[in-house]
Student: 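Mind looking over this structure? Questions follow.
Per chain, numbering begins at 1; letters A, B, ... match sequence-line order.
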Amino acid sequence: GAVVSQHPSWVICKSGTSVKIECRSLDFQATTMFWYRQFPKQSLMLMATSNEGSKATYEQGVEKDKFLINHASLTLSTLTVTSAHPEDSSFYICSAQQPNTEAFFGQGTRLTVV
Amino acid sequence: DQQVKQNSPSLSVQEGRISILNCDYTNSMFDYFLWYKKYPAEGPTFLISISSIKDKNEDGRFTVFLNKSAKHLSLHIVPSQPGDSAVYFCAARRGGESGGSNYKLTFGKGTLLTVNP
């Protein structure tokens, strides 16, 4: 299957700093990428939909100014958690897909804010 | 509002037996369903999918059944192996115009499958 690479796989940051997570589709062009968040023992919660060359569409309740998404090319989307706080600690996962195919997921990023 | 429901948070089976994971959905606009397998601290990996025009899709040890009238689908794994132990997510997608948010997946909460040797 297609490969989606997410980096870093884990990061620890101080409260108040910003963290950038990258999501790359390695062997295909992804017109759409999705960012999810997973709390312990919970489902994957969609945060936002990222379309190349346009603004991201955020799900209800997700702060767009806090979770900045940039989809500058067909192979790269980034999620920046700005002014991170301990409650932002979570497992963040991206997925990439082309129309009419299944979504391929990155390996996830474990963010810990101390 | 949980549009995709996996009512069993966990399931334990013996190696060699059949594992049956269930999923129910409420949104009649969903027309494509997928199962993903997830290990701790990793992203989900795609297992198998089914379109709403079918009622069964088989791939090796994995078979997905869809009952549209009941808005129910199930994943059968036979024979189950210890390496199948993971969290299994059911996901659904709406049909409609191509591109953009119509491809977003709605996930269930997952079922932890444990296959005992």
Side-chain angles (χ1 to χ4, degrees), chain A residues 1-11 21 23-25 30-60 71 90-112, chain B residues 1-10 21 23-25 27 30-53 57 59 62 64 86-112:
Chain A
V3 178
V4 175
S5 176
Q6 193 172 333
H7 178 81
S9 55
W10 61 270
V11 58
I21 303 169
C23 181
R24 294 182 183 271
S25 56
T31 51
T32 304
M33 290 186 173
F34 300 92
W35 287 95
Y36 297 84
R37 182 174 180 176
Q38 185 184 26
F39 293 101
K41 299 183 180 179
Q42 295 293 319
S43 183
L44 298 166
M45 301 301 298
L46 180 65
M47 297 174 66
T49 303
S50 172
N51 294 303
E52 188 267 338
S54 63
K55 288 185 178 180
T57 303
Y58 290 82
E59 295 299 302
Q60 192 172 11
H71 194 157
S90 191
F91 192 61
Y92 293 87
I93 308 173
C94 71
S95 74
Q97 64 188 101
Q98 294 173 291
N100 297 319
T101 69
E102 65 271 17
F104 296 96
F105 287 82
Q107 60 267 53
T109 298
R110 168 71 61 193
L111 170 63
T112 302
Chain B
D1 176 33
Q2 191 75 17
Q3 296 187 60
V4 177
K5 300 178 184 178
Q6 293 177 258
N7 293 319
S8 298
S10 64
L21 298 133
C23 178
D24 298 289
Y25 62 97
N27 191 337
F30 289 143
D31 71 346
Y32 195 71
F33 305 89
L34 309 92
W35 284 94
Y36 285 86
K37 176 180 179 179
K38 184 181 182 302
Y39 294 113
E42 293 184 10
T45 54
F46 170 74
L47 266 182
I48 193 169
S49 62
I50 188 167
S51 165
S52 61
I53 62 173
N57 188 26
D59 183 3
F62 302 92
V64 55
V87 177
Y88 288 78
F89 288 98
C90 169
R93 194 180 75 195
R94 281 181 55 176
E97 296 177 3
S98 61
S101 60
N102 283 322
Y103 292 106
K104 67 181 180 183
L105 299 175
T106 302
F107 284 86
K109 290 189 174 182
T111 297
L112 173 62

Student: Is it the backbone or the side chain of A/Gln38 that comes under 4.5 Å from a heavy atom of chain B, or both, or neither?
Tutor: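 It is the side chain, since no backbone atom gets that close.
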Student: With rounding to the nearest 0.5 angstrom, report the OG1 to NZ distance, A/Thr57 to B/Lys104.
Tutor: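 If I round to the nearest 0.5 Å, the distance is 8.0 Å.
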Student: Which residues pass the ring-ring contact (aromatic ring centres under 6.0 Å, His included) test with B/Tyr25, not counting sequence neighbours?
Tutor: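 For B/Tyr25, the residues satisfying ring-ring contact (aromatic ring centres under 6.0 Å, His included) (neighbours in sequence not counted) are B/Phe33.
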Student: Sort A/Leu44 into side chain, backbone, both or neither according to what part of it lies under 4.5 angstrom from a heavy atom of chain B.
Tutor: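 Contact with chain B is through both the backbone and side chain of A/Leu44.
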Student: Please flag which part of A/Glu59 lies under 4.5 Å from any non-hydrogen atom of chain B: side chain, backbone, both or neither.
Tutor: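 Contact with chain B involves the side chain of A/Glu59 alone.
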Student: Could you list the residues that satisfy salt bridge (charged side-chain N to carboxylate O under 4.0 Å, His left out) with A/Arg24, not counting sequence neighbours?
Tutor: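 Here the qualifying residues are A/Glu22.
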Student: Identify the two heavy atoms, one from B/Phe107 and one from A/Ser43, that lie closest to each other, and give their separation to 0.1 Å.
Tutor: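 Closest pair (atom of B/Phe107, atom of A/Ser43, distance): CB-OG, 3.4 Å.
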Student: What residue, out of B/Pro44, B/Gly110, B/Ser49, has the most heavy-atom pairs lying under 4.5 Å from chain A?
Tutor: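 Of the candidates given, the most pairs with chain A belong to B/Pro44.
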Student: If I measure from the heavy atoms of chain A, does B/Tyr39 come under 4.5 Å with its side chain, its backbone, both, or neither?
Tutor: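 Contact with chain A is absent: no heavy atom of B/Tyr39 under 4.5 Å.
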Student: Determine the minimum heavy-atom distance between B/Leu105 and A/Ala103, stating which atoms define it.
Tutor: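 Looking at all heavy atoms of both residues, the closest pair is CD1-CB, 3.8 Å.
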